[in-house]
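To keep things clear, I will list the structure first and then write my remarks on it.
These numbers come from the heavy atoms of this one structure, side chains and all, not from hydrogens, waters or symmetry mates. Source: prediction; values computed, not measured.
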Amino acid sequence: MGTSTNTSGMHRAKLWQIGGFAFNNTATNLYMFMMNFIAYYLTGYVGVGVVVASTLITTMRIWDGVTDPFIGYLVDKTNTKFGKNRPFMVIGNVILAVASFILLHVTHLFPQGARFIFFVLIYMIYIIGYTFQCVVTKSAQSCLTNDPRQRPLFSIFDGVYNTLVFAVLPIFISGYLVPKHGGFNASFFHEIWCYVAAVSAILTCIAIYCISSKDRLEFFGTGKAVKVGFKDYWEVLKSNRAIQMLVVAASTDKLASSVRSNSTIGVILYAIVCGNYALSGAVAGYTSIPNMLILFFGVGWIATRLGQRKAMLFGTWGGLIFTILNIVLFVVGDPSQMSFPGIAGFTGWNFFTLAFLVLYILGQGCMGVSGNIVIPMTADCADYEVYRSGKYVPGLMGTLFSFVDKLISSLAASIVGVMCAMIGFKETLPTVDTPYSPQLKFIGLTCFFGLILFGLFCNLVAMKFYPLTKEKMEEIQERIAEIKAQAQHA
């Protein structure tokens, strides 16, 4: 597999380029994981209540979404000797490291009255850096490869990396950092920042190297620069049915997954409902490899052979079935029986633990397919726009998608905060020492499983109207090849 365009207009990437570039998303996801604990910093060091902390996080996610179209516009206008995408990767990662360091190391040194304002200002800068680097994950997809059979491979690498990250980090947090530092205190935040900043920088450098030979004008859209303005953005938003439906599917999934991954929900479900917070790390450890195997099948076989739309539907139906069964298990079973080898109180495998593991593995594996296929589907939407209007606007596609996605998923922290406040947790969030109550179990199940069902149902509706089947994408690539050929002979 080379990196040049062949006579049919098809250009492919080497496997190591796809795998290495996927680290760009992992680099930003490390920061996202760290910021899942920011509510504890706000309530413990900045001095704000639970609802205010949750509302602030929501507001900042909205700010994150508002900045997206402008940064996407910059990407579409950029064409330097260093490429279109790589400058944003470098600048974004530097801003992330510096701004997050200041947030977690300097804010609590200010006088009490000034901490909140200082935190908000630096957090706004942090979000701009996050958007700079995140937009490239989507915008560079269309120049990385346009082979319909190769494009989904990004999802396999991305899914494997993120499965490992979100399997290893909960174990690291609950089994090492929290016991070592005695909770979410200043020393905890310092140590987690050191690991995240260092690893994220290394992964970013690898991704920059892997995209370097493809980050050139010849691989962009029609192969020549096309002027775009904000009026073109409105036309795309109004007319590109593919990106509209993808946004509906992915943003509702993101809202549900953001609520589920909220650190407070993990505490409620595992520490309070099941009775042991260490279970969160064990579940991640036991499910990561099986989830990756399902991802290999869903993307490696279904997406590459039958198209990305069918892979999305496969993941959605599987997620629906197994999530419903898990809810039933928690309602009729006894969650306190959940136990794993190596965790205090383990007396042997039991039905509840085994049933939960099987259902959770199958459900998460299927949803991993539908969730990870979204990024290369964004590239399909960008190619569809070239086919539809002749405009190559990958920055718009990436940030338009992110804009709506973030606006909706910004509700996650508020949903958790408001639900906790409604049952009496107005000043502090539930912790590992909070006693069990039926109300907390309801919140835990609703946020961990219930919203997932809503997102998956929206997937089914959106995919009914999503036009980019495998056959349509083959037609689109043939047409783009004709446009490039005409441009070269003009």
Side-chain angles (χ1 to χ4, degrees), residues 21-39 41-42 46 56-78 80 82-107 117-140 158 161-162 165 189-190 192-209 211 215 254 258 375 394-396 398-403 405-407 409-410 413:
F21 178 67
F23 279 131
N24 188 66
N25 198 37
T26 313
T28 54
N29 279 341
L30 287 172
Y31 279 101
M32 181 182 70
F33 182 89
M34 180 176 71
M35 287 299 172
N36 280 335
F37 298 92
I38 201 66
Y41 183 82
L42 283 166
V46 180
L56 172 62
I57 295 172
T58 296
T59 304
M60 290 297 99
R61 287 287 288 176
I62 295 174
W63 163 250
D64 192 2
V66 168
T67 61
D68 279 351
F70 298 99
I71 294 174
Y73 184 73
L74 289 178
V75 172
D76 289 335
K77 288 287 189 180
T78 298
T80 70
F82 194 53
K84 176 185 285 289
N85 298 287
R86 285 171 288 168
F88 293 91
M89 298 167 72
V90 174
I91 296 171
N93 199 256
V94 170
I95 293 175
L96 282 173
V98 174
S100 61
F101 178 88
I102 295 172
L103 276 179
L104 300 175
H105 292 81
V106 178
T107 305
I117 295 176
F118 179 80
F119 183 92
V120 169
L121 293 175
I122 301 301
Y123 200 18
M124 291 175 74
I125 297 172
Y126 164 87
I127 284 172
I128 291 174
Y130 185 81
T131 304
F132 262 61
Q133 188 166 1
C134 275
V135 66
V136 174
T137 297
K138 298 183 181 70
S139 69
D158 187 45
Y161 300 158
N162 290 328
V165 165
F189 285 109
H190 168 73
I192 193 175
W193 178 89
C194 289
Y195 289 119
V196 166
V199 175
S200 179
I202 293 170
L203 297 182
T204 300
C205 290
I206 294 173
I208 288 171
Y209 175 76
I211 195 65
D215 193 20
K254 185 62 175 292
S258 296
I375 293 177
L396 165 63
T399 55
L400 173 61
F401 174 88
S402 298
F403 172 64
D405 173 75
K406 290 171 183 175
L407 285 180
S409 63
S410 66

message: Do I95 and Y126 make a side-chain contact, defined as non-hydrogen atoms from C-beta onward lying under 4.5 Å apart?
response: no
task: Look at the side chain of D215 and the backbone N and O of K84, then say whether any donor-acceptor pair between them is shorter than 3.5 Å.
output: yes
- request: Starting at CD1 of I128, measure out to CG of L96 and round the result to the nearest 0.5 Å.
  value: 11.0 Å
message: Quick one, Q133 and Y31 - any side-chain contact, counting heavy atoms below 4.5 Å?
response: no
message: Before you tell me yes or no, could you show the steps for L103 and M35 under side-chain contact (heavy atoms from CB on, under 4.5 Å), namely the whole-Å CA-CA distance, both residues' side-chain angles and the distance that decides it to 0.1 Å?
response: CA-CA 11 Å; L103 276 179; M35 287 299 172; 3.9 Å; yes
query: Do the side-chain N and O atoms of T204 and N24 include a donor-acceptor pair separated by under 3.5 angstrom?
result: no
- prompt: Given the rule in the side-chain contact (heavy atoms from CB on, under 4.5 Å) test, do M89 and F21 qualify, once you have shown the distances and angles that lead to the verdict?
  reply: CA-CA 11 Å; M89 298 167 72; F21 178 67; 4.2 Å; yes
message: In the structure I gave you, are the side-chain heavy atoms of W193 and M34 within less than 4.5 Å of one another anywhere?
response: yes
- prompt: Do you see a donor-acceptor pair shorter than 3.5 Å between the side chains of S200 and N93?
  reply: yes
- request: Look up atom CG in L74 and atom CZ in F88, then write down how far apart they are to the nearest 0.5 Å.
  value: 5.0 Å
message: Over 60° means perpendicular and under 30° means parallel, so tell me whether Y123 and F119 are parallel, tilted or perpendicular.
response: tilted
task: Identify which one of I122, L121, T107, I125 satisfies the side chain to side chain contact (heavy atoms under 4.5 Å, CB included) criterion when paired with I102.
output: I122
message: Angle between ring planes, F23 versus Y161, binned at 30° and 60°: parallel, tilted or perpendicular?
response: parallel
message: Please report the interatomic distance OG(S139) to CD1(I71), rounded to the nearest 0.5 Å.
response: 11.5 Å
field: Donor-acceptor under 3.5 Å (N162 side chain, N29 main chain)
entry: no
task: Given side-chain contact (heavy atoms from CB on, under 4.5 Å), test H105 with F189 step by step and report yes or no.
output: CA-CA 8 Å; H105 292 81; F189 285 109; over 6 Å; no
query: Is a side-chain donor or acceptor of T28 paired with a backbone partner of N25 at a separation under 3.5 angstrom?
result: yes
- prompt: For the residue pair I208 and F82, what are the closest heavy atoms and their distance?
  reply: CG2-CZ, 4.3 Å
field: V106 side chain near F118 side chain, heavy-atom distance below 4.5 Å
entry: yes
query: Would a distance-only check, ignoring hydrogens and angles, find a side-chain to backbone donor-acceptor pair under 3.5 Å from W63 to M124?
result: yes
query: Is the OH atom of Y209 crowded by more than 12 outside heavy atoms at less than 6.0 Å?
result: no
